[in-house]
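First comes the structure, then the notes that go with it.
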Amino acid sequence: MAASDAREPLPQFPRDFLWGVSTSAHQIEGAVDERGPSVWDAFTAVSGRVKDGTTAAVACDHYHRYREDVALVGELGAGAYRFSVSWPRVLPGGSGEVNTAGLDFYDRLVDELCAAGVSPVPTLFHWDTPLALDGEGERESGGGWLRRDTAERFAEYAAVVAGRIGDRAKKWITLNEPAEHTLLGHALGQHAPGKQLMFDALPVAHHQLLAHGLAVRALRAAGVTDIGIANSHGPTWPASASPEDVQAADFYDVLLNRLFADPLILGRYPDFIGQLLSATTGDVEADLKVITEPIDWYGINFYQPTKVGAPLPAAAGPTEFSGLTLPPELPFSVREIEGRAVTDFGWPVVPESLTELLTGFRDRYGDRLPPLVITENGCSYEGLDDQRRIDYLDGHVRAVHQALAEGVDVRGYFVWSLMDNFEWAEGYRQRFGLVHVDYETLERTPKASYAWLREALRAQRA
Ligand code: FCB
């Protein structure tokens with residue numbers, strides 16, 4: 001019997017627990033000619049960088065079809081919709097002149113959501129830096145997030161957006177997954193802007209954190225009172241008890257789980273990161289005062305745990321992990337988690353590791369930890385009859401409930417994603433949606449998982 005056939009109804013969550021669905025601008029909006037260019041436009045224009053050779057020029061054409069998409073969120077019964085605002089759509093040059101039509105779009109989107117009874121949850125940055133800020137010609141040397149100045153520009157942009165939709169959007173997210181943007185975009189070069197700086201990418205982490213802190217101040221000045229950040233996290237499991245494997249796993253844990261959370265929550269960097277940064281990046285201590293500007297909650301994007309071991313011999317060559325190619329010179333190697341089902345993306349399905357992550361956060365940060373919100377969780381599977389997505393979501397929602405039962409303060413859960421979309425370097429090959437999108441006709445078709453979630457949310461309200 002399939003696990004799902006025997007499934008009990010989901011346990012009841014607190015009344016005010018926030019259920020939502022997530023998307024991001026570059027992955028769904030399209031309408032590329034109606035905004036300024038971003039680093040992702042430049043990146044995807046280079047052949048070979050996106051695995052199926054596609055771009056997000058049209059994507060789901062959400063920019064023109066948002067009413068239909070908001071209706072789908074409303075019919076689902078979700079309490080909240082997390083979307084991102086495209087910085088180059090609002091400020092095509094990165095700063096200065098506002099594209100009124102772009103800002104009007106978010107204004108209409110927010111109105112439409114409110115009319116459907118759905119809380120708008122804007123994210124200010126989901127990786128689509130205006131190309132103008134990345135600095136043509138200084139690509140490798142010092143544009144974009146390598147520059148401290150970009151953090152200041154970001155705060156200005158935050159003020160512009162909050163000035164327009166802050167009256168109706170109550171819950172805000174500054175940045176999405178700065179760790180991925182640093183590691184994939186600037187260290188390994190497998191996401192935009194395609195820089196391969198390895199550890200010289202560290203200032204990108206610091207400047208994003210600074211941008212977050214400055215944006216929190218700008219949002220508060222605009223009257224916003226409910227602010228978080230969305231970071232990607234997952235338990236890191238050493239491949240064995242050997243000191244080499246444990247050391248490599250600790251190192252990976254710092255990069256994924258502590259590089260951003262420690263400064264945000266504790267006001268300090270993990271030791272060796274702080275030393276590296278101080279050597280290159282000005283007055284880190286003074287910046288940390290901005291970075292620890294209090295937030296109202298902390299967002300966790302969760303997909304999978306990672307098993308990590310000591311580096312493999314260079315002769316083993318690069319390894320593949322989660323769609324990435326990891327070079328052998330990294331001080332760790334990622335190992336297969338055996339005996340687990342995997343998604344179409346090859347990511348292992350380990351729901352109970354979400355409970356482990358959440359209780360681990362509570363144990364690590366104690367009283368300093370703000371309330372948590374799961375800002376993304378989901379999986380890539382083909383097909384409309386997506387029973388495996390139902391199983392995945394069911395398992396992970398139960399894992400969140402278990403964390404609640406163990407005393408962790410979790411306030412919400414957002415599914416990634418409302419609909420199939422442009423999955424970065426994978427192009428359209430990975431489908432994460434509750435709603436299927438036909439990329440030829442742009443027709444939206446709810447999948448079995450959409451119907452399942454609608455019923456589950458109805459039962460939560462009963
Ligand atoms: C996260 C990203 C999101 C999406 C999911 C699958 O890392 O934030 O945009 O790509 O993974």
Side-chain angles (χ1 to χ4, degrees), residues 20-30 38-40 43-44 49-52 54-56 59-60 62 81-87 121-129 173-188 190-192 208 212 228-234 255-257 259-260 298-306 321-324 334 342-349 354 357 373-382 386 388-389 392-393 396 413-435 437 449:
V21 285
S22 293
T23 61
S24 91
H26 189 78
Q27 295 178 274
I28 64 168
E29 283 183 4
S38 81
V39 293
W40 269 97
F43 182 81
T44 55
R49 280 178 151 172
V50 176
K51 290 178 187 155
D52 63 2
T54 56
T55 75
C60 307
H62 169 78
Y81 173 63
R82 175 183 170 219
F83 61 98
S84 80
V85 177
S86 159
W87 185 352
V121 182
T123 299
L124 285 164
F125 180 68
H126 201 124
W127 304 349
D128 45 357
T129 315
I173 295 173
T174 54
L175 308 178
N176 178 71
E177 295 192 359
E180 273 60 21
H181 193 53
T182 307
L183 298 174
L184 309 185
H186 296 80
L188 300 175
Q190 291 170 34
H191 277 187
Q208 285 180 92
H212 158 83
I229 181 169
N231 277 296
S232 159
H233 290 288
L255 289 187
L256 178 68
N257 292 321
L259 171 55
F260 293 88
Y298 187 94
I300 289 188
N301 295 354
F302 174 77
Y303 289 92
Q304 55 179 320
T306 314
F321 164 61
S322 284
L324 300 171
V334 175
V342 294
T343 70
D344 284 354
F345 213 149
W347 299 0
V349 180
L354 177 53
L357 177 74
V373 174
I374 308 300
T375 33
E376 286 182 24
N377 179 235
C379 48
S380 163
Y381 287 118
E382 284 290 328
D386 55 343
R388 289 179 303 170
R389 177 170 288 103
Y392 181 101
L393 296 176
H396 285 77
Y413 174 90
F414 287 68
V415 175
W416 183 272
S417 178
L418 169 65
M419 57 187 161
D420 295 338
N421 57 51
F422 179 77
E423 177 50 34
W424 310 113
E426 296 289 312
Y428 297 99
R429 301 194 319 176
Q430 307 294 344
R431 291 182 177 272
F432 278 86
L434 298 165
V435 175
V437 177
S449 56

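Remember, it's 1-based here, ligands and their atoms both numbered in the order they're listed.
Gln430 does not count as a contact of ligand 1, since none of its heavy atoms falls under 4.0 Å from the ligand.
Heavy-atom proximity to Trp424, at under 4.0 Å, picks out these atoms of ligand 1: 3 (C), 4 (C), 9 (O), 10 (O). In summary, the atoms of ligand 1 found under 4.0 Å from a heavy atom of Phe432, numbered by their order in the structure, are 6 (C). Within ligand 1, counting atoms from 1 as listed, the ones closer than 4.0 Å to a heavy atom of Asn176 are 8 (O). Annotation for ligand 1: atoms under 4.0 Å from non-hydrogen atoms of His126 are 2 (C), 3 (C), 8 (O), 9 (O).
Of the charged side-chain nitrogens involved, none lies within less than 4.0 Å of a carboxylate oxygen, so that Arg431 and Asp344 do not count as a salt-bridged pair.
For Trp347 and Phe432, the distance between ring centers is under 6.0 angstrom. In this structure, His233 has its ring center under 6.0 Å from that of Tyr298. With ring centers used as reference points, Phe260 lies 6.0 Å or more from His212. Aromatic ring centroids of His191 and Trp127 lie under 6.0 Å apart.
Note: an N/O pair closer than 3.5 Å links Gln27 and ligand 1 by distance alone. The N/O atoms of Glu376, backbone and side chain alike, include one that comes under 3.5 Å of an N/O atom in ligand 1.
Asn231 CG to Glu177 CD: the interatomic distance, rounded to the nearest 0.5 Å, is 8.0 Å.
Side chains of Tyr413 and Asn377: a donor-acceptor N/O pair is present below 3.5 angstrom, by distance only.
When the heavy-atom distances from atom 7 (O) of ligand 1 to Glu177, Glu180, Glu423 are ranked, the shortest goes to Glu177.
Atom 5 (C) of ligand 1 has as its closest protein heavy atom Tyr303 OH, 3.3 Å.
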